[in-house]
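Data first, discussion second: the structure below is written as structure tokens.
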Amino acid sequence: MKINVTLPDGNVREYEEGATAMEVARSISEGLARNVLAAKVNDEVRDADRPLPGDCTLSLLTWSDPEGKNTFWHSSAHLLAEALEALYPGIKFGIGPPISNGFYYDVDLGDKVLTDADFAAIEAKMKELALRKSVFQRREVPKQEAVAYYREKGDEYKLELLEGLRDGEITFYTQGDFTDLCRGPHIPNTSFIKAIKVMSLAGAYWRGDEKRKQLTRLYGVTFPKQKELEEHLAMLEEAKKRDHRKLGRELELFTFSEKVGQGLPLWLPKGAALRERLVNFMKTAQEKSGYEQVSTPHIAHKDLYVTSGHYEKYGKDSFQAIKTPHEGEEFFLKPMNCPHHCEIYKSRPRSYKELPIRLAEFGTVYRYEQSGELHGLTRVRGFTQDDAHLFCRPDQVKDEFKKVIDLVLKVLKALDLNDFTAQVSLRDKDDHSKYIGSEENWAKAESDIQEAVGETDMKYVVEYGEAAFYGPKLDFMVNDALGRQWQLGTIQVDYNLPERFELEFVGSDNQKHRPVMIHRAPFGSLERFLAVVIEHTAGRFPLWLAPEQAIVLPISDKFVENARDMVRILKDSDIRASVDERNEKIGRKIRDAELAKSPFMLIIGEKEAAEGTLSIREHGQGDLGTMAPDRFATMVNERIEAQLSGDR
RNA sequence: GCCUUUGUAGCUCAGAGGUAGAGCACUUCCUUGGUAAGGAAGAGGUCACGGGUUCAAUUCCCGUCAAAGGCUCCA
């Protein structure tokens, strides 16, 4: 019997029945066979050495395929487990999956406490075992046998995993002396794993449940070539250099103080200038789009959050109430702006004619985050949202959504964040019971969102079951310069709050109707957004956003006065500039300005002073020649305009 | 909150059971220099905080606080 194998290029080849993917690879080329990690057979990823099931489509997976990498790292997790079992006999195993940058294995080490001093020994053991070229042997076993195996081994974690599996679908993989319950697939043998690094150590609750035992999680990363490991480590180094916490200190953007409290950033003048630019940028854009600015206090009466439902849901995780001394009334720091905005909406009767009403506020909110969760500016306890709430009629949802998407795209463009994905989060397909709001409204909003998104040219994915209980949403996940993904802007439809606050408008039928509310924040929070911008640009902010756009460098003190005059001229053209008045040589001033990432260095000496010009040097570019200050200002302002209109 | 690690000058980091060091930054002086570090001198630390062990602790032990990586959570 022969079978027909269809390859990705459409070629159909004939093989003997029982041929493996590896044999197919070998028939194409030895080189390919050496690199095959796994095979995708009719869309299922399988071991390359398993016989093909008959006529099928086949793609051979190598390191360059995401599934190939996953398989490689999954097998590496098994190798890590094998090494750990060899080094610490009797330990128990949780799970060991591949992740986006490597893999981990959760283990119960009993009384043994692992520290990073043990990494070298673990790596050495893994390398030793990898060289044995152990094959990953697949074996289908009856459930009883699997249970018996782990009973004897005394591994309650694997037994628990087995409970969730049906008889007949259980497979074991064995490489060397290590056998693991595993669906597979795996790479052909351990010798593919050439470069190994144990990265870090962490506690991880069994099955992510903090009431259960905390296991030791070991993270590792492996590669088929030593060079790739080195590149990976270099990439991590680069990420460290761009870390917004480090750049924030170096560029004097923000700081933290133990006295003020953790998770509460203090913005330094230059950082505050950045915030100011972002806020102004957004305000201008919003004014053009029919938003109205409002302003609400930082605290509110407990009743507000009882009405909104947040008190019940989050009260215990929130900060403690502030009580008035005589009446004992309870107030809370505001964790979000929407309840306040609902009250603004309610301040008078509303007609269908005035909808949509768009209330915007750069509202600073406070949330209690667990101490271990705080991280630089991306996770803080006090932050400012570029928040707005759109109150509209159900028939306006699509249009409003569309406008918000345009606004978000404009923001991302101005910040050069061109690599992003939009995620549409809809209801669980099978279970509509956990969502509030009418079936009719949901169905309409869900199709509105998808249509609105579909009418743009951006990439998007639809996730079912990811909607909030109160409405569907659209999130923007931005990939930064290092390929890391961040959730920034968000647009959410909300049926819950209009209900709870009993919001109404009078329709053309003279009847009362319930408006739909849309929450939206293109930046998300200024803090997190700036963190991403800092890391994405490595501190070289777009010209329009840079705290200082130009620094004037006099050749010697004789020209300080001329330099000051130049700054005055530039400021008249809205260029942010200052003078480096230090008694230093020009080389030094240039070096420091380059390190401070000043976009332009304007050098003024005898020649320029006589001509009334400036010698222009651009950050990272070098000398651009001389220019009169007004011409320089025009050039800068033209560039800014181009950046803001996304036209470059 | 939990697990592992860390906390020495403004920053980056050495160091040792006998009360501290470097580079950069800072101050003063000299130098007035043309596209990535001019020279000299000086000042600056309760070695995170609180206990304990010790003749002696910044160093060893415990606790607290803060930070890093992860887990959990995220209106």
Side-chain angles (χ1 to χ4, degrees), chain A residues 94 99 104 106 109 113-119 199-219 236 240 243 245-246 249-250 252 255-263 305 308-318 334-339 365-376 378-381 385 387 468-470 487 490 492 494 496-497 519 521 553-560 582-596 601-608 615-626:
Chain A
I99 51 176
Y104 67 81
D106 283 348
L109 294 159
V113 175
L114 221 50
T115 72
D116 43 17
D118 301 308
F119 289 1
M199 299 298 288
S200 63
L201 183 69
Y205 299 105
W206 172 234
R207 307 209 126 176
D209 182 346
E210 73 184 290
K211 287 179 196 69
R212 307 199 58 179
K213 179 149 185 182
Q214 185 152 359
L215 306 180
T216 302
R217 175 171 297 179
L218 271 164
Y219 286 89
L236 293 179
K240 243 191 212 166
D243 190 316
R245 294 166 299 184
K246 179 175 148 69
R249 190 168 47 235
E250 286 173 5
E252 299 183 319
T255 188
F256 288 91
S257 149
E258 289 189 22
K259 273 224 170 85
V260 173
Q262 49 176 169
Y305 302 116
S308 72
H310 292 112
Y311 179 77
E312 193 191 343
K313 196 151 188 232
Y314 297 104
K316 60 183 180 307
D317 294 328
S318 189
K334 76 171 164 185
M336 80 297 298
N337 304 299
C338 26
V365 297
Y366 300 89
R367 295 177 186 178
Y368 174 75
E369 302 286 359
Q370 295 192 96
S371 59
E373 188 50 47
L374 300 170
H375 177 92
T378 58
R379 196 64 164 188
V380 288
R381 284 178 172 169
Q385 296 177 309
D387 211 358
F469 74 92
Y470 51 79
Q487 199 233 294
T490 180
Q492 310 185 356
D494 187 349
N496 180 42
L497 285 182
H519 307 247
L553 311 179
I555 294 281
S556 76
D557 332 345
K558 280 185 254 167
F559 307 104
V560 167
R582 292 176 307 163
N583 176 4
E584 290 292 348
K585 291 168 107 168
I586 193 66
R588 178 54 178 276
K589 290 180 186 175
I590 287 170
R591 180 183 149 80
D592 289 346
E594 288 280 356
L595 291 177
M601 286 145 273
L602 311 176
I603 296 162
I604 183 161
E606 197 168 347
K607 188 164 84 72
E608 294 81 1
S615 176
I616 318 285
R617 187 189 157 100
E618 186 171 0
H619 173 77
Q621 303 292 316
D623 201 347
L624 299 186
T626 59

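In this text the structure is predicted, and so the values were computed from the model without any measurement. So you know, we letter chains A, B, ... as the sequences are listed, proteins then strands, and number each from 1.
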- Return one dot-bracket line describing RNA chain B 5' to 3' (Watson-Crick or G-U wobble pairs, both distances under 3.5 Å; ( ) same strand, [ ] crossing, | another strand, . none). (((((((..((((....[..)))).(((((.......))))).....(((((..]....))))))))))))....

- Could you encode protein contacts along nucleotides 39-49 of chain B as a string, one character per nucleotide from 5' to 3', using B for base contact, S for sugar-phosphate-only contact and - for no contact, with a heavy-atom cut-off of under 4.0 Å? -----------

- Note on the structure: The salt bridge (charged side-chain N to carboxylate O under 4.0 Å, His left out) partners of Arg207(A) (sequence neighbours excluded) come to Glu160(A)

- Sequence neighbours excluded, the answer for salt bridge (charged side-chain N to carboxylate O under 4.0 Å, His left out) partners of Lys246(A) is Glu250(A)

- Query: Between Arg381(A) (CZ) and A75(B) (C1'), how many Å, whole number?
  - Reply: 17 Å

- Separation of A25(B) C1' from Glu250(A) CD (nearest whole Å): 13 Å

- salt bridge (charged side-chain N to carboxylate O under 4.0 Å, His left out) partners for Arg588(A), two or more places apart: Asp592(A)

- Query: Could you run down nucleotides 26-37 of chain B 5' to 3' and tag each one B, S or - for protein heavy-atom contact under 4.0 Å?
  - Reply: ----BBBBBBBB

- Task: Respond yes when some side-chain nitrogen or oxygen of Gln370(A) is under 4.0 Å from OP1 or OP2 of C2(B), and no when none is.
- Result: no

- Message: Using the side chain to side chain donor-acceptor pair (under 3.5 Å) criterion, which residues pair with Thr490(A)? Sequence neighbours excluded.
- Response: Asp475(A), Gln492(A)

- Return the orientation label for the His519(A) and Tyr470(A) ring planes: parallel under 30°, perpendicular over 60°, tilted otherwise. tilted

- Integer-rounded Å distance: A66(B) P and Phe256(A) CZ: 13 Å

- Message: If I pick the C1' atom on G15(B) and the same atom on U59(B), what distance separates them, to the nearest angstrom?
- Response: 10 Å

- Task: Could you work out the separation of C60(B) and A16(B) based on their P atoms and round it to a whole Å?
- Result: 10 Å

- Task: Go through the structure and list residues passing side chain to side chain donor-acceptor pair (under 3.5 Å) with Glu618(A), not counting sequence neighbours.
- Result: Arg639(A)

- Task: Not counting sequence neighbours, which residues clear side chain to side chain donor-acceptor pair (under 3.5 Å) with Lys213(A)? List them please.
- Result: Asp108(A)

- Determine, step by step, whether Glu594(A) and Arg617(A) satisfy the salt bridge (charged side-chain N to carboxylate O under 4.0 Å, His left out) criterion, reporting the C-alpha distance in whole Å, the side-chain angles of both residues, the deciding distance to 0.1 Å, and the verdict. CA-CA 10 Å; Glu594(A) 288 280 356; Arg617(A) 187 189 157 100; 3.0 Å; yes

- P-based separation of A48(B) from A14(B) [nearest Å]: 14 Å

- Over all heavy atoms of both residues, which pair between Phe559(A) and Glu606(A) is shortest? Give the atoms and the distance, please. CZ-N, 3.4 Å

- Query: Is there a side-chain contact between Pro554(A) and Ile604(A) (heavy atoms, below 4.5 Å)?
  - Reply: yes

- Query: Which value, in whole Å, describes the distance between the C1' atoms of nucleotides G1(B) and U58(B)?
  - Reply: 31 Å

- Task: Heavy atoms only: give me the nearest His310(A)-Ser308(A) pair and the separation to one decimal.
- Result: ND1-OG, 2.7 Å

Under 3.5 Å, N/O pairs linking protein and nucleotides 69-71 of chain B:
| unit_1 | atom_1 | unit_2 | atom_2 | d |
| --- | --- | --- | --- | --- |
| G69(B) | OP1 | Arg245(A) | NH1 | 3.3 |
| G69(B) | OP1 | Arg245(A) | NH2 | 2.9 |
| G69(B) | OP2 | Arg245(A) | NH1 | 3.3 |
| G69(B) | OP2 | His375(A) | ND1 | 3.0 |
| G69(B) | N2 | Leu201(A) | O | 3.4 |
| G70(B) | O3' | Tyr219(A) | OH | 2.8 |
| G70(B) | O2' | Tyr219(A) | OH | 3.2 |
| G70(B) | N2 | Gly203(A) | O | 3.3 |
| C71(B) | O4' | Gly203(A) | O | 3.2 |
| C71(B) | O2' | Tyr205(A) | N | 3.1 |

- Note on the structure: Across all chains, not counting sequence neighbours, the ring pair (Phe, Tyr, Trp, His ring centres under 6.0 Å) partners of Tyr104(A) are Tyr219(A)

- Task: For Asp106(A), check salt bridge (charged side-chain N to carboxylate O under 4.0 Å, His left out) against everything at least two apart and list the hits.
- Result: Arg217(A)

